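One structure is given below, encoded as structure tokens.
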Amino acid sequence: MKLYCLSGHPTLPCNVLKFKSTTIMLDCGLDMTSTLNFLPLPLVQSPRLSNLPGWSLKDGSVFLDKELKECSGHVFVDSVPEFCLPETELIDLSTVDVILISNYHCMMALPYITEHTGFTGTVYATEPTVQIGRLLMEELVNFIERVPKAQSASLWKNKDVQRLLPSPLKDAVEVTTWRRCYTMQEVNSALSKIQLVGYSQKIELFGAVQVTPLSSGYALGSSNWIIQSHYEKVSYVSGSSLLTTHPQPMDQASLKNSDVLLLTGLTQIPTANPDGMVGEFCSNLALTVRNGGNVLVPCYPSGVIYDLLECLYQYIDSAGLSSIPFYFISPVANSSLEFSQIFAEWLCHNKQSKVYLPEPPFPHAELIQTNKLKHYPSIHGDFSNDFRQPCVVFTGHPSLRCGDVVHFMELWGKSSLNTVIFTEPDFSYLEALAPYQPLAMKCVYCPIDTRLNFIQVSKLLKEVQPLHVVCPEQYTQPPPAQSHRMDLMIDCQPPAMSYRRAEVLALPFKRRYEKIEIMPEPPPRPTQPTSSKKRKRVSEDVPDCKVLKPLLSGSIPVEQFVQTLEKHGFSDIKVEDTAKGHIVLLQEAETLIQLEEDSTHIICDNDETLRVRLRDLVLKFLQKF
Amino acid sequence: MPEIRVTPLGAGQDVGRSCILVSIAGKNVMLDCGMHMGYNDDRRFPDFSYITQSGRLTDFLDCVIISHFHLDHCGALPYFSEMVGYDGPIYMTHPTQAICPILLEDYRKIAVDKKGEANFFTSQMIKDCMKKVVAVHLHQTVQVDDELEIKAYYAGHVLGAAMFQIKVGSESVVYTGDYNMTPDRHLGAAWIDKCRPNLLITESTYATTIRDSKRCRERDFLKKVHETVERGGKVLIPVFALGRAQELCILLETFWERMNLKVPIYFSTGLTEKANHYYKLFITWTNQKIRKTFVQRNMFEFKHIKAFDRAFADNPGPMVVFATPGMLHAGQSLQIFRKWAGNEKNMVIMPGYCVQGTVGHKILSGQRKLEMEGRQVLEVKMQVEYMSFSAHADAKGIMQLVGQAEPESVLLVHGEAKKMEFLRQKIEQEFRVSCYMPANGETVTLPTSPSIPVGISLGLLKREMAQGLLPEAKKPRLLHGTLIMKDSSFRLVSSEQALKELGLTEHQLRFTCRVHLQDTRKEQETALRVYSHLKNTLKDHCVQHLPDGSVTVESILIQAAAHSEDPGTKVLLVSWTYQDEELGSFLTALLKNGLPQAPS
């Protein structure tokens, strides 16, 4: 049993498990932090971004000035943003039988895998995961295709050139695997390979392995997976949450009795408390708006935004913000808001019971009805007519490298009245802001990551007691910036096995049993085929020594044995004691039987009838196995 | 002998009051708990005293499963759980759980408020009953207890309708509830995988009908409605608030839009808007097309269809009214019917099945003079049309489902005896499986042969494999091992391991036989002769001549010794253990025949 680790990003995993002759890919995360090295894609012609100086090497050579631009004291790649793909060379991906998706954030690399590696298998995911995953991909493709950029940059990726570049470009890893975004056509083709599954559905793979998704409590339709045969069980925990937000609570009980628990997708901000962050978010938002400033919230079009809108729904009236417009701008804003209302079965109990009334589960329906929340596909069109300030804008992309957010950064960055509030934990906010510096705008960092923290993990592991834990290496040591915090790592016994990108782990499995079915009664013995053509040779009569006879156990009490012999017609029996037992002599039959605690030895003449008689009498005292 | 037993308490050779008891591997499951629309007395509910005369139902039943929200499948539920008394789990899908209590409350109101029935279940009982419900997802495997598991499949028919697989070990039963094998305007088609149950219990409402294409029926329906309103008539369409109503509304709405018609369409009950809301929120249960387009245009937001007021019925001029209930047995649809029945310009369209005893059934069977309460006779002059829009599978659809699931046997319920008989023969002929159609209270018993799964130790399995023969799928194979049964787990291990696990030591049984040979040569030479003889004879065995002069064949030891009295005789001592008995006794027999003359 082997684990091929194709991604080093702990929250955007991509691993391949070889388990009982099936090849299972666990998630397909796409590391998008690579985009931070690229210049933002402005929706509206930006004089600042279009007139940046090309970058030249210290020795004055300028051969890179088309590819690299200097902006705000940093060097950025001036081309279409590229993403860091999972490893595609470590294992032949065309041999992957199935891909299991745990949540919509962990499927963003799917088109690269299903469309370009010869993959012919099936992908399994829940319905909300697929629908919202589609929205995330659609938004990404839209953001990138909306700003056509002919230029592609590859010179800088040359190892010898990259060495000469300033940080962080110099330290960028796996640059050769970086790829441009896929097209909508590839997205559709990839998604068509998905088969929908429900929580606790048992899916048989080739009769050898059974996989089951379980609620993970992190997002709509998010799942952990059980991969098991009859006697081995692997739990794949990815992006789970124990907090009460909108999704169905996490199913912990079903993770018990695992041989191996693969643990990924823990919180990226272990020191921040999500509830506290939401409070800070609300108060910063209110403060800015009251002072006449605008608030920009770079975000994904689904997920935490539902919880933020729900908080604001409860908060805006008491905070006196009821006249402030809230804008949600994304090509998939409408779809995201609509889809959130139709997945009642995947929601927490509270929201589910609302649907029974019947009422929409999320209060943003009411915000839309009362015109407090408006949504637009982009800043072009209707939005420009309706746009009023001060306002609050939710829009993507959280990397600040593409999407409508780029426009708002350019528009509002120069005024200290405005605030940008970072809630998504996927990108370092300082790196995200780098090409916009210097900024007058206030920047607030309120990362909301509801995934498990280390305290919750250690409680979970105590609860479900896996024999072995496997996790990304980042979780086996404290975060580099807080190396003294020994509490910010996984602590379990035996110590967790760690993996890093491009590693292959042999999982510690001891397979001891296999399932078979037995018949209530043995079948009739097959009759010996009588060979008709050739005459039988002696050797054909030789019994097959492979027919196993049972083992024997027990001991033979000498008095009872002698009595039995007498009862069966043996006379003239003499018993002698020896050091270890007895010798029974049948003088008439010239036979000697040695009886010891754990052995019996019958020594007789070559008289098969006699031998068989004695054998049967001995066997009466013994148990067969 | 293990067996599966099935007893319908309702819906046996009948439509209405669905309630079927299934016993499988010692587990008792009740499928549906419906009421009968055709009766107002005791016969309207199943006879639960059949389940147990004394003692609580909870002790006897492991669970109750409700297939969908129609009252003939869930109408007796509060009576069963709260008045007779059942506290175990009741399983149904989320939409069924949402809608079921509303229809029950509706039913209760008509029975108690309108008809003044006493001793009926109360609103509180409906609420208490619903608290016992556990909602299930499609395809989720629900573990009722350690052994019993159930799984829901999409059934079409109405929003949230499901078929259920009930499984214990390797034995299983599938109950279809009501289903539809062709997608309609708002729902998808039923689907099940090749789950090969021991028994498939299927509805058979349309056992003999092969319905023409849906499109034809729709065109027919629209034509009739259109003609009637064109000549100024009123059209009454009795429906149940949820289900067919939404399909026909979508149909009329798009037709009105296309033809730019202005004649008003009304929906009679306040439930409509609520009903449509349920469809919007549970849109994942509707068909592909509606699900795909719902963001742009929600099909359940109607522009032309408005709420009905009782006073509208007397308005002059044409109109189309959807009114509940669907079989004209009570409520608003019956009231409107009485008002309009006398005018031959009007039309009533029955879009679904009507149970015997209802007004709907009477007019459909051609009766034109109806005796109403108070000895009044109502003469029906309006046109009566029947259009099968109810979403049941027709004969073709039923055969299709049987083909999909590949059951070992089939049992028909929810249909009329005569029609069932026809379908029964057809199924037996085509699929060569036995098909049953028990009446209410009649029990069908099916013997089963469950397989016994055991865990085989890998060591033993590998030893088997080492013998060169790979296990062949589906073919029985003989192998020796010890079965250890402990804490309800069965493990097959090698005998050595079994002894070790049980803390026992092996008892070795050894035989040594003396074989006398006429041979004057020395013992060593005799041994050598034995060796070469055996080596020649036993080509497939490992025959060895050891340095100490003894000969081994596999693990059998042969030593040559001098005879104590006769120097011309040598004694061969052949020694083997009980496990090598066959070979040992073969060798002694072989050696007894003497050795071939040595080449001199």
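No experiment lies behind these values; they were computed from the predicted model shown. Quick note on labels: first sequence line is chain A, next is B, and so on, each numbered from 1.
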Answer yes if the ring centres of [X] and [Y] are under 6.0 angstrom apart, and no otherwise.
{"X": "Tyr278(B)", "Y": "Phe300(B)", "result": "no"}
{"X": "Tyr153(B)", "Y": "His139(B)", "result": "yes"}
{"X": "Trp346(A)", "Y": "Tyr199(A)", "result": "yes"}
{"X": "His94(B)", "Y": "Phe282(B)", "result": "no"}

Measure distances from [X] to the heavy atoms of chain B and classify the residue's part below 4.5 Å as side chain, backbone, both or neither.
{"X": "Glu514(A)", "answer": "both"}
{"X": "Leu619(A)", "answer": "side chain"}
{"X": "Glu345(A)", "answer": "both"}
{"X": "Glu359(A)", "answer": "backbone"}
{"X": "Val355(A)", "answer": "both"}
{"X": "His230(A)", "answer": "neither"}
{"X": "Leu622(A)", "answer": "side chain"}
{"X": "Pro360(A)", "answer": "both"}
{"X": "Glu597(A)", "answer": "backbone"}

Only pairs of heavy atoms separated by less than 4.5 Å count here; which of [options] has the most with chain B?
{"options": "Arg615(A), Gln341(A), Glu338(A)", "result": "Arg615(A)"}
{"options": "Ile603(A), Asp607(A), Val612(A)", "result": "Ile603(A)"}
{"options": "Lys515(A), Lys202(A), Gln594(A)", "result": "Lys202(A)"}
{"options": "Gln352(A), Gln623(A), Gln131(A)", "result": "Gln352(A)"}
{"options": "Leu357(A), Leu592(A), Ile516(A)", "result": "Ile516(A)"}

Quick check: closest heavy atoms across [X] and [Y], and the distance to 0.1 Å?
{"X": "Leu196(A)", "Y": "Gln201(A)", "result": "O-OE1, 4.4 Å"}
{"X": "Ser222(A)", "Y": "Thr129(A)", "result": "N-OG1, 4.3 Å"}
{"X": "Phe625(A)", "Y": "Ala498(B)", "result": "CD2-CB, 4.4 Å"}
{"X": "Asp540(B)", "Y": "Glu554(B)", "result": "O-OE2, 4.5 Å"}

Only pairs of heavy atoms separated by less than 4.5 Å count here; which of [options] has the most with chain A?
{"options": "Leu138(B), Val142(B), Leu499(B), Leu573(B)", "result": "Leu499(B)"}
{"options": "Thr505(B), Asn298(B), Ile283(B)", "result": "Thr505(B)"}
{"options": "Leu504(B), Thr482(B), Leu591(B), Leu509(B)", "result": "Leu509(B)"}
{"options": "Gln97(B), Lys280(B), His507(B)", "result": "His507(B)"}
{"options": "Ser555(B), Ser494(B), Pro453(B), Ser170(B)", "result": "Pro453(B)"}
{"options": "Lys592(B), Lys151(B), Arg491(B), Gln296(B)", "result": "Arg491(B)"}

* Checking heavy atoms, do the side chain of Val574(B), its backbone, both or neither come under 4.5 Å from chain A? -> neither
* Asked: Checking heavy atoms, do the side chain of Leu502(B), its backbone, both or neither come under 4.5 Å from chain A?
  -> side chain
* **Residue pair Gln497(B) / Glu501(B), side-chain donor-acceptor N/O under 3.5 Å** =>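 Indeed, the side chains of Gln497(B) and Glu501(B) share at least one donor-acceptor pair under 3.5 Å.
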* Ignoring hydrogens and angles, state whether a donor on the side chain of Thr588(B) or Ser585(B) is under 3.5 Å from an acceptor on the partner side chain. =>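 No.
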* Asked: Hey, does the Lys NZ or Arg CZ of Arg512(A) hover above the aromatic six-ring of Tyr231(A), less than 6.0 Å from the centre and inside 45° of the axis?
  -> no
* Mind checking salt bridge (Lys or Arg N to Asp or Glu O under 4.0 Å) for Glu496(B) and listing every partner two or more places apart, or none if nothing turns up? =>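 Checked Glu496(B) against salt bridge (Lys or Arg N to Asp or Glu O under 4.0 Å); matches are Arg463(B).
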* Asked: Counting distance only, does the side-chain N/O of Tyr154(B) pair as donor-acceptor with the main-chain N or O of Trp285(B) below 3.5 Å?
  -> yes
